[in-house]
There are 2 protein chains.
Amino acid sequence: MQHSLKTIFPNFSNELITTIEENGSLQDFEAGTILMRTGQYIKNTVLIIKGKIKIYREGEDGGEFLMYYLQPGQACAISMICTAKSEKSQIMAKVVEDATVMMIPLQLMDKWMMEHRSWYEFVIETYRSRFEEVLEVVDNIAFRSMDERLEFYLKRHSDACGCSEVNLSHQEIATELNTSREVVSRLLKKMEQRGLVKLNRNQIELLNFNH
Amino acid sequence: MQHSLKTIFPNFSNELITTIEENGSLQDFEAGTILMRTGQYIKNTVLIIKGKIKIYREGEDGGEFLMYYLQPGQACAISMICTAKSEKSQIMAKVVEDATVMMIPLQLMDKWMMEHRSWYEFVIETYRSRFEEVLEVVDNIAFRSMDERLEFYLKRHSDACGCSEVNLSHQEIATELNTSREVVSRLLKKMEQRGLVKLNRNQIELLNFNH
DNA sequence: TTAGGTCTGTGATAAATGTTACTGTAGGAT
DNA sequence: ATCCTACAGTAACATTTATCACAGACCTAA
């Protein structure tokens with residue numbers, strides 16, 4: 001196997017790894033693919049092996065309000081929760097960097113909860129961390145103004161990729177924050193004047209982001 | 001036992017009910033009591049037997065941004081998620097109507113997942129429904145303007161209590177929506193002019209709310 | 001090189017929301 | 001009745017965010 005499951009999911013027991021390899025199906029998706037749509041029934045739990053997947057809420061006007069990103073070693077909490085009841089998805093999932101994922105049929109996801117302690121713990125931890133992340137999002141839109149939200153957004157991005165450059169256009173950022181490009185441009189300009197960022201085309205360098 | 005667990009939690013198996021009665025501790029709280037604070041470690045899972053508990057996010061300025069209400073037959077998803085890891089709470093829980101709750105120590109909550117199918121299903125369903133509710137909250141603040149949010153807020157209240165009167169002051173509503181009383185007063189007045197509500201002191205009657 | 005696209009910057013203006021200040025009213029306590 | 005307090009209404013103004021309009025910069029393909 002090209003990508004070792006054991007490396008990406010270090011907490012999984014060996015038997016669990018074997019079971020996943022036997023029963024899951026490994027699939028590749030190109031950037032831009034929509035893995036899950038609002039209102040769609042979910043049939044699989046998704047483990048991320050490679051790439052990056054954006055989980056967002058779609059507005060009527062085409063807004064793509066960012067909830068969080070999924071990276072290797074993570075799983076989609078929504079798909080886990082919904083599969084358990086075979087419910088409709090309430091969110092959208094889009095591949096933003098070419099991805100490899102492990103699809104696990106819903107019956108197994110449920111069955112393993114009882115059989116594999118490490119699976120159970122993984123699922124619970126996934127619920128917890130995603131719930132927390134969504135709560136933080138609520139905090140931001142409920143209590144903070146756009147400039148603070150933008151700073152938080154940039155920080156999340158740099159934390160996620162581990163680098164200090166964010167390669168996005170102002171329009172893309174605006175879409176994910178559900179505001180307009182002009183507002184983002186203006187706020188970024190102010191941040192540049194404060195020495196927080198350096199602006200290039202399609203790229204924002206974060207400078208003193210340790211406050 | 002004064003309140004029959006079996007009536008309030010009809011899906012629990014008989015053995016589970018017995019186990020809960022043996023191991024849980026029944027406690028009463030007066031309206032106004034804070035059951036859980038942001039940053040506090042959680043030691044128990046809470047099942048609601050009677051009353052109403054408000055789950056909210058606290059702003060720095062004292063805002064009490066409403067996430068959802070817990071009613072009899074429900075449980076606090078956050079406490080379940082956090083107990084599983086013995087993590088800090090990210091939210092506040094306040095009793096808004098005198099409540100009776102069953103406290104379940106964290107080790108048992110975890111143990112029962114393996115031993116009682118009906119407990120497992122209850123926990124999963126709790127996660128799912130709360131996650132969904134929070135997603136709906138995100139939807140509202142991300143995509144809707146204050147007048148729509150206010151309508152949604154009132155509808156949620158009347159749905160929750162099953163009646164068409166909401167007995168809250170404008171100030172209380174404003175606090176939960178993280179806006180100011182003046183804004184709420186203005187918007188309610190407009191709604192009254194549109195024939196959607198009738199305004200009384202400390203009470204809002206919903207009229208044609210079936211749209 | 002030129003043409004056409006995307007990305008960015010910025011002013012002018014509009015709309016929504018927040019803030020301040022003040023008024024009146026209802027109800028409870030004395 | 002009188003006083004006090006919480007609640008509600010509303011005008012004027014400030015601030016934030018959204019929208020419209022347009023110009024210049026950069027990139028790529030022909």
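Computed over heavy atoms, backbone and side chain alike; hydrogens, waters and symmetry mates excluded. Numbered from 1 within each chain, the chains take letters A, B, ... in sequence-line order.
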query = For A:Phe131, which residues count as a ring-ring contact (aromatic ring centres under 6.0 Å, His included) partner, sequence neighbours excluded?
reply = B:Phe131
Whole Å only: how far is the [atom1] atom of [X] from the [atom2] atom of [N]?
| X | N | atom1 | atom2 | value |
| --- | --- | --- | --- | --- |
| B:Glu182 | D:dC13 | CD | P | 16 Å |
| B:Glu192 | D:dG9 | CD | P | 7 Å |
| A:Leu150 | D:dA18 | CG | C1' | 16 Å |
| A:Lys190 | C:dT8 | NZ | C1' | 17 Å |
| A:Lys189 | C:dC7 | NZ | P | 17 Å |
| A:Ile173 | C:dT6 | CD1 | P | 18 Å |
| A:Leu177 | D:dT16 | CG | P | 18 Å |

key: Residue pairs fulfilling ring pair (Phe, Tyr, Trp, His ring centres under 6.0 Å) with at least one residue in residues 154-176 of chain B, sequence neighbours excluded   = B:Tyr69-B:His157, B:Tyr153-B:His157
Taking 4.0 angstrom as the limit, do [X] and [Y] come out as a salt bridge?
| X | Y | value |
| --- | --- | --- |
| A:Glu151 | A:Lys155 | no |
| B:Glu176 | B:Lys54 | yes |
| A:Arg156 | A:Glu133 | yes |

query = B:Glu30: what forms a salt bridge (Lys or Arg N to Asp or Glu O under 4.0 Å) with it, not counting sequence neighbours?
reply = none
query = Who passes salt bridge (Lys or Arg N to Asp or Glu O under 4.0 Å) against A:Lys94, sequence neighbours left out?
reply =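 A:Lys94 satisfies salt bridge (Lys or Arg N to Asp or Glu O under 4.0 Å) with A:Glu64 once adjacent residues are dropped.
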task = Look at all strands and tell whether A:Leu188 reaches a base, only sugar-phosphate, or nothing, counting heavy atoms closer than 4.0 Å.
result = nothing
ask   = Between CE of B:Met102 and CG of B:Leu26, what distance do you get to the nearest 0.5 Å?
value = 4.5 Å
inquiry  = Restricting to non-hydrogen atoms, name the atom on A:Leu177 and the atom on A:Leu150 that form the minimum distance, rounded to 0.1 Å.
reply    =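 Looking at all heavy atoms of both residues, the closest pair is CD1-CD1, 3.9 Å.
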Protein-nucleic acid N or O pairs under 3.5 Å, nucleotides 14-17 of chain C:
residue: C:dT17; atom: OP1; partner: B:Met146; partner atom: N; Å: 2.8

Any N/O pairs under 3.5 Å between the protein and nucleotides 2-7 of chain D? List them or say none.
residue: D:dA6; atom: N3; partner: B:Arg201; partner atom: NH2; Å: 3.3

